[in-house]
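Report on the structure given below.
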Amino acid sequence: MSTPCKRISYAELRSRFKDGMSILFGGFMAVGTPDGIVRDLLDSGVKDLTIIGNDTATPDSGIGILIANRRVRKVISSHIGTNPETGRQMIAGEIEVELVPQGTLAERIRCGGAGLGGVLTPTGVGTIVEEGKTKLSFDGIEYLVERPIRADMAILKAYRADEKGNLTYQRAARNFNPLMALAADYVVAETDEIVNAGDIDPELVMTPGILVNALILCGEK
Amino acid sequence: MSTPCKRISYAELRSRFKDGMSILFGGFMAVGTPDGIVRDLLDSGVKDLTIIGNDTATPDSGIGILIANRRVRKVISSHIGTNPETGRQMIAGEIEVELVPQGTLAERIRCGGAGLGGVLTPTGVGTIVEEGKTKLSFDGIEYLVERPIRADMAILKAYRADEKGNLTYQRAARNFNPLMALAADYVVAETDEIVNAGDIDPELVMTPGILVNALILCGEK
Amino acid sequence: MDAKNLIACRVAQEMKNGDVVNLGIGLPTLIPDYLPEDVHITLQSENGFLGLGPLLGEPIPNLVNAGGKPCGMVPGTAFFDSAMSFAIIRGGHVDVTVLGGLQVDQEGNLANWMVPGKMVPGMGGAMDLVTGAKNVIVAMEHATKDGGAKILKRCSLPLTAARKVRSIVTELAVFRFIDGQLVLAEIAPGVTLEDIRARTEAEFVVSPQCCEMKLPK
Amino acid sequence: MDAKNLIACRVAQEMKNGDVVNLGIGLPTLIPDYLPEDVHITLQSENGFLGLGPLLGEPIPNLVNAGGKPCGMVPGTAFFDSAMSFAIIRGGHVDVTVLGGLQVDQEGNLANWMVPGKMVPGMGGAMDLVTGAKNVIVAMEHATKDGGAKILKRCSLPLTAARKVRSIVTELAVFRFIDGQLVLAEIAPGVTLEDIRARTEAEFVVSPQCCEMKLPK
């Protein structure tokens with residue numbers, strides 16, 4: 001098998017940034033967010049982004065810098081409290097924020113990648129989260145039908161990748177990354193290391209390489 | 001932390017077998033099925049079982065021996081073609097068989113373990129699989145609402161376990177095992193090896209120990 | 001002992017050996033310090049692992065708690081992704097979750113994630129935790145900073161989940177929901193029933209077994 | 001070359017370099033032997049891995065294909081559980097699936113998993129594969145053993161999935177579904193259009209580009 005290595009440069013990736021695009025970003029309080037790609041999104045000048053991920057970190061970390069620099073039109077997230085700029089822009093009507101329970105966000109992204117039309121969850125029943133949603137009852141229990149989320153691009157942070165794109169993540173940096181790897185039209189991972197195919201234990205691969213379009217080596221210029 | 005080791009004997013496990021109980025069993029064509037536990041179910045004389053798993057293997061392998069020996073009242077499975085005895089008993093009206101598409105079976109078991117009320121899948125739309133099921137349409141696409149599956153007991157086959165019950169599986173023996181670990185009231189894993197807590201790389205744990213009630217060492221008498 | 005530590009200390013007595021526990025940020029993170037010696041619990045961190053421990057020494061790369069702060073891990077830790085993390089939470093595999101509250105009402109409703117127009121941090125994992133954990137304990141100071149009641153007839157703030165709270169522990173009292181009714185179970189040392197009535201809007205009954213708050217000697 | 005190998009050889013020419021492919025048991029497993037030299041594909045095995053390869057040497061413990069037979073794996077293989085396996089399949093991450101068929105009809109319906117009262121093996125992963133794969137190729141002998149048509153106006157057997165088949169490859173012909181219409185695209189060497197009409201019940205149109213079946217020299 002002579003698979004070419006999936007490594008690309010930031011310049012090659014930048015050609016795929018488009019105003020108005022939607023981006024799934026890995027990370028939980030910036031742990032597991034590909035900081036180099038986020039920085040390059042900022043430097044590229046791309047704007048009106050829809051960003052989807054667990055939280056908006058802080059104004060100067062993780063995805064938060066895109067919000068602080070006003071490149072974001074819409075946020076879909078479970079928590080924005082650690083980035084005062086997200087709340088300020090939301091209350092000022094400058095950005096749209098859709099708050100989604102964390103487990104529901106995970107399931108919606110998973111559905112988007114798995115060809116499922118949605119899941120039935122008890123989370124949010126009896127709260128404002130249920131507004132506008134289809135509800136189904138089975139055996140006396142109410143569920144919300146929560147619909148899939150997909151995006152134009154997913155930006156992931158891996159720990160070790162092989163040239164085929166097989167990924168591992170480190171400790172708590174895994175979080176949403178493996179789910180997002182299935183749910184975008186173009187998937188790019190920033191990784192600390194790229195090894196030869198076969199150098200990652202097949203049991204330890206957390207994202208199969210076929211899901212990953214491109215790899216960027218951390219710190220690559 | 002002085003967690004006691006979760007290892008038990010077959011005799012201790014046998015006290016939990018009950019006529020009429022439902023059992024989720026790991027495995028795909030017997031690869032990833034805990035043969036020792038299946039053998040002990042047979043030897044125990046327990047009957048009228050409902051068994052749930054990918055396939056019914058063959059009359060003399062995996063879960064198939066329980067069918068060949070007429071201990072099963074109902075099978076929920078995606079494939080029974082490799083065990084002629086399952087088909088024969090089904091056609092003779094001796095056992096009930098519910099055939100479920102493999103991906104749907106995985107999702108239904110996953111829902112059962114994840115507190116979800118079901119998933120929406122396009123699989124089975126326009127086929128007899130949709131009979132009797134709630135259908136929902138979104139954006140012009142029809143989906144079946146597929147409901148959770150849980151069981152009284154899950155019997156798993158692990159490769160390596162630690163004393164806390166953290167499990168790894170080997171190669172293609174993983175299959176349904178990690179899903180079933182969340183979806184039963186009592187979860188027992190037969191394992192080739194039991195090591196100390198901390199001796200399995202935390203990144204490689206495929207089933208967290210809190211989900212596992214008991215471990216049986218392979219070949220234990 | 002200040003109010004927060006008193007509450008954490010009392011909540012710690014609720015834990016049983018072997019419990020799988022998820023602790024909200026803030027006050028609940030004090031609880032492990034007060035566990036009885038013979039009670040060992042496993043901490044679930046919703047950002048993706050079981051086996052959260054105290055930080056010993058230097059921070060470990062990519063090991064943080066759900067508040068984003070460096071933490072440690074115990075032998076036998078397991079990491080997983082967010083879907084698995086919430087499968088564990090929603091699926092009833094967490095025995096106890098302890099969260100703070102802005103308001104709790106006599107129907108067991110909890111509000112702890114937003115104050116419309118003022119503070120909208122988002123629910124994070126709280127809605128799933130309150131929906132899915134077997135035992136939901138709200139650990140909070142009894143009244144607001146200006147003395148207003150937080151244990152109400154009916155929450156006025158947007159709910160986190162409906163009818164899921166099992167216990168409320170404050171620096172004044174322990175309440176339990178029994179058969180859908182709010183029951184006063186324990187009163188802190190030096191506090192009177194009248195004190196509690198004065199600072200509680202909710203209707204509650206006093207348990208026939210109501211006693212002094214159970215704290216370690 | 002017998003009918004099965006001819007079909008496998010022709011289907012192999014449908015693969016593009018880099019494709020992710022799931023091959024049904026039986027005839028489709030012959031396909032890798034006929035891939036053009038410059039076409040490398042990744043084989044998905046629905047029992048839980050990507051990177052299926054031929055068995056070289058002794059069987060490897062717990063490494064079997066979806067038919068339960070010992071197999072090999074290539075460098076860069078990844079193992080996963082059944083939920084992930086079918087997330088990959090249903091989610092459109094498999095480029096091509098090749099399956100056998102009992103019946104295919106002119107609407108693109110496939111029946112390949114049961115004959116009521118006679119043979120009920122179950123659908124296994126076939127319904128998900130046919131629903132989710134980007135390109136569904138049915139690889140089968142053109143007629144039943146007693147000469148009956150298998151390419152029909154309307155399937156009489158229970159369907160595997162509705163309107164999902166993209167191509168049919170038999171030892172006589174290649175058909176494609178184009179804009180919802182069954183189109184004859186290629187005819188095997190030595191076979192006439194009349195032969196095909198005689199053994200095909202479905203209504204089909206003959207492509208203006210209809211040519212001799214494309215097989216390697």
Side-chain angles (χ1 to χ4, degrees), chain A residues 26-32 54-58 61-62 75 77-84 86-87 90-91 97-107 109-110 114 121-130 142 157 159 169-181 192 206-207, chain C residues 25 45-49 51-52 60-71 73 77-92 107-111 113-114 116-132 155 157-164:
Chain A
F28 192 112
M29 283 298 290
V31 171
N54 183 63
D55 59 78
T56 54
T58 69
S61 76
V75 177
S77 178
S78 82
H79 200 269
I80 60 170
T82 52
N83 188 334
T86 314
M90 175 179 68
I91 287 167
V97 175
E98 180 181 345
L99 289 168
V100 180
Q102 200 170 133
T104 300
L105 185 63
E107 289 299 320
I109 295 166
R110 183 175 180 276
T121 180
T123 302
V125 169
T127 77
I128 60 174
V129 167
E130 73 174 44
E142 274 193 319
K157 173 66 174 70
Y159 172 56
Y169 310 97
Q170 191 183 42
R171 303 193 184 99
R174 194 182 316 184
N175 54 71
F176 282 81
N177 281 294
L179 309 173
M180 292 172 170
D192 291 336
M206 299 171 192
T207 293
Chain C
I25 53 176
S45 195
E46 66 262 33
N47 53 329
F49 59 110
L52 178 75
I60 297 164
N62 290 317
L63 185 60
V64 298
N65 64 22
K69 299 276 181 294
C71 65
M73 57 180 175
T77 286
F79 292 102
F80 33 76
D81 68 27
S82 296
M84 179 65 167
S85 186
F86 282 85
I88 289 169
I89 288 169
R90 207 191 307 96
E107 304 203 325
N109 298 317
L110 169 66
W113 71 281
M114 75 176 285
K118 277 194 184 166
M119 184 198 70
V120 190
M123 66 292 278
M127 285 194 176
D128 297 286
L129 279 161
V130 177
T131 300
C155 291
L157 295 172
L159 299 188
T160 305
R163 294 188 185 75
K164 294 287 183 185

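Please read all numbers here as calculations on a predicted model, not as lab measurements. A note on names: the letters A, B, ... follow the listed sequences, proteins ahead of strands, and every chain is numbered from 1.
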Problem set entry | Non-hydrogen side-chain atoms of C:Met123 and A:Val129 separated by less than 4.5 Å | yes
For this session: Could you pull out the closest heavy-atom pair between C:Phe86 and A:Gln102, with the gap in Å?
Result: CE1-OE1, 3.3 Å
For this session: Measure distances from A:Pro101 to the heavy atoms of chain C and classify the residue's part below 4.5 Å as side chain, backbone, both or neither.
Result: both
Seminar exercise, completed: Honestly, the part of A:Val97 sitting under 4.5 Å from a heavy atom of chain C is neither
Problem set entry | side chain to side chain contact (heavy atoms under 4.5 Å, CB included) evaluation trace for A:Tyr159 with C:Asn62 | CA-CA 10 Å; A:Tyr159 172 56; C:Asn62 290 317; 5.6 Å; no
Problem set entry | Shortest non-hydrogen contact between A:Thr123 and C:Thr131, atoms and distance | CA-OG1, 3.8 Å
Exercise. Side chain, backbone, both or neither: which part of C:Thr77 has an atom under 4.5 Å from a heavy atom of chain A?
Worked result: neither
Exercise. For the candidates C:Ala162, C:Ala83, C:Ser85, which exhibits the highest count of non-hydrogen atom pairs separated by less than 4.5 Å from chain A?
Worked result: C:Ala83
For this session: Please state whether the side chain, the backbone, both or neither of A:Met206 comes within less than 4.5 Å of a heavy atom of chain C.
Result: neither
Problem set entry | Proximal component of C:Ala126, with respect to chain A [non-hydrogen, under 4.5 Å] | neither
For this session: Could you look at C:Met114 and say if it's the side chain, the backbone, both or neither that has a heavy atom under 4.5 Å from chain A?
Result: side chain
Seminar exercise, completed: Smallest heavy-atom separation, C:Ala66 atom then A:Phe28 atom, equals O-CE2, 3.2 Å
Exercise. Checking A:Arg171 side chain against C:Pro61 main chain: does a donor-acceptor pair fall under 3.5 Å?
Worked result: yes
Exercise. By a 4.5 Å heavy-atom criterion (distance strictly below it), what part of A:Glu107 contacts chain C: side chain, backbone, both, or neither?
Worked result: side chain
Exercise. Among C:Gly48, C:Ala111, C:Gly132, C:Gly125, who wins on heavy-atom pairs under 4.5 Å with chain A?
Worked result: C:Gly125
Seminar exercise, completed: Exactly one of A:Thr127, A:Ile128, A:Val125 clears side chain to side chain contact (heavy atoms under 4.5 Å, CB included) with C:Leu159, and that residue is A:Thr127
For this session: With a 4.5 Å cut-off on heavy-atom pairs, point out which of A:Met29, A:His79, A:Met90 contacts chain C the most.
Result: A:His79
For this session: Enter the distance from C:Asn47:CG to A:Phe176:CZ here, rounded to the nearest 0.5 Å.
Result: 10.0 Å
Exercise. Quick one: what part of A:Ile91 sits under 4.5 Å from any heavy atom of chain C, side chain, backbone, both or neither?
Worked result: side chain
For this session: Would you name the heavy atoms of C:Asp128 and A:Gly103 that are closest together and state the gap between them?
Result: OD2-N, 2.8 Å
For this session: Report the option among C:Ser45, C:Pro121, C:Ala161, C:Gly122 that has the most heavy-atom pairs separated by less than 4.5 Å from atoms of chain A.
Result: C:Pro121
Exercise. What part of C:Met119 is in contact with chain A, defined as an atom under 4.5 angstrom from a non-hydrogen atom: side chain, backbone, both or neither?
Worked result: neither
For this session: Below 4.5 Å from any heavy atom of chain C, which atoms of A:Thr104 appear? Answer side chain, backbone, both or neither.
Result: both
For this session: Using a 4.5 Å cut-off on heavy atoms from C-beta on, say whether the side chain of A:Asn54 contacts that of C:Ser82.
Result: no
